[in-house]
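Notes to accompany the following structure.
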Amino acid sequence: MIYRKATFNDVEEIYNLVNLYAQEGVMLARSRNTLYETLRDMYVAEEDGEILGVGGLHIVWDELAEVRTLAVAKKALRRHIGANIVEYLIEEGKALGIRKVFTLTYQDKFFGSLGFKVVTKDDLPQKVWKDCIDCPKFPNCDEIAMEMYI
Ligand SMILES: CC(C)(COP(=O)(O)OP(=O)(O)OC[C@H]1O[C@@H](n2cnc3c(N)ncnc32)[C@H](O)[C@@H]1OP(=O)(O)O)[C@@H](O)C(=O)NCCC(=O)NCCS
């Protein structure tokens, strides 16, 4: 398995992976436009030339970043690919001087196993909600807010 920063060549595979889960309602859909604009946020896991996982660390505010666009191909679940991607994202975050990472998720067991703690959404700065207005679930979000100091 190779873990590396995403490149333009990966965008179609990332798009398909993320939007498959988005159709199932477990994560936010991402347009190609957004994927291009945030390409530098993202790490991918590649095996035999195929993208099996993706995740992004998006800077939101002073020393604060969001883990998002995290998805592992169904055939590759529970091989610690998701955990490894988050680890790479956190290492990059530390190098940037980020102190707190958060996520909005239904995968509380996964993020809990990595050290994230559940918080109330009100604990996160208002700027976090900028992207939420584009979500079909807004304003009735039932995702769990989780954060970790790194
Ligand atoms: C969440 C997701 C990225 C996890 O990826 P993964 O590579 O399968 O997870 P890992 O193998 O790294 O799991 C690490 C640990 O998390 C926990 N975990 C992972 N998936 C879990 C699940 N479905 N139920 C309970 N615990 C889970 C386990 O403790 C696991 O360790 P273990 O297998 O040694 O017991 C993957 O399930 C996924 O893509 N889901 C759909 C998209 C999504 O919900 N993304 C999150 C948006 S924020």
Count the heavy atoms belonging to other residues, nucleotides or ligands that lie under 6.0 Å from CG of Asp123, then report whether that count exceeds 12. yes
For the atom pair CD1 (Ile85) and OG1 (Thr69), what is the distance rounded to the nearest 0.5 Å? 11.0 Å
Thr38 to Arg68 - nearest heavy-atom pair and separation: CG2-NH2, 3.6 Å
So CD of Gln107 and CG of Leu70: to nearest 0.5 Å the spacing works out to 8.5 Å
Test: ring-ring contact (aromatic ring centres under 6.0 Å, His included). Region: residues 78-105. Which pairs qualify, not counting sequence neighbours? Tyr3-Tyr88, Tyr43-Tyr88
Rounded to the nearest 0.5 Å, how far does CG of Asp41 lie from CD1 of Ile59? 7.5 Å
Starting at CD1 of Ile90, measure out to CZ of Phe116 and round the result to the nearest 0.5 Å. 4.5 Å
Mind checking what makes side-chain hydrogen bond (donor to acceptor under 3.5 Å, both in side chains) contact with Ser31, not counting sequence neighbours? Thr34
Residues two or more places apart in sequence or in another chain: which of them pass salt bridge (charged side-chain N to carboxylate O under 4.0 Å, His left out) with Lys121? none
The salt bridge (charged side-chain N to carboxylate O under 4.0 Å, His left out) partners of Asp10 (sequence neighbours excluded) come to Arg4
First locate atom CD of Glu46, then atom CD1 of Ile51, and finally report the distance between them rounded to the nearest 0.5 Å. 5.0 Å
Who passes salt bridge (charged side-chain N to carboxylate O under 4.0 Å, His left out) against Glu47, sequence neighbours left out? Arg79
Without placing hydrogens or testing angles, list every side-chain donor-acceptor pair under 3.5 Å for residues 138-150, not counting sequence neighbours.
unit_1: Asp142; atom_1: OD1; unit_2: Tyr106; atom_2: OH; d: 2.6
unit_1: Glu147; atom_1: OE1; unit_2: Lys100; atom_2: NZ; d: 3.1

Using 0.5 Å steps for rounding, measure from the OH atom of Tyr21 to the CE atom of Met27. 9.0 Å
Please check if the number of heavy atoms outside Gln126 that lie under 6.0 Å from its CD is greater than 12. no
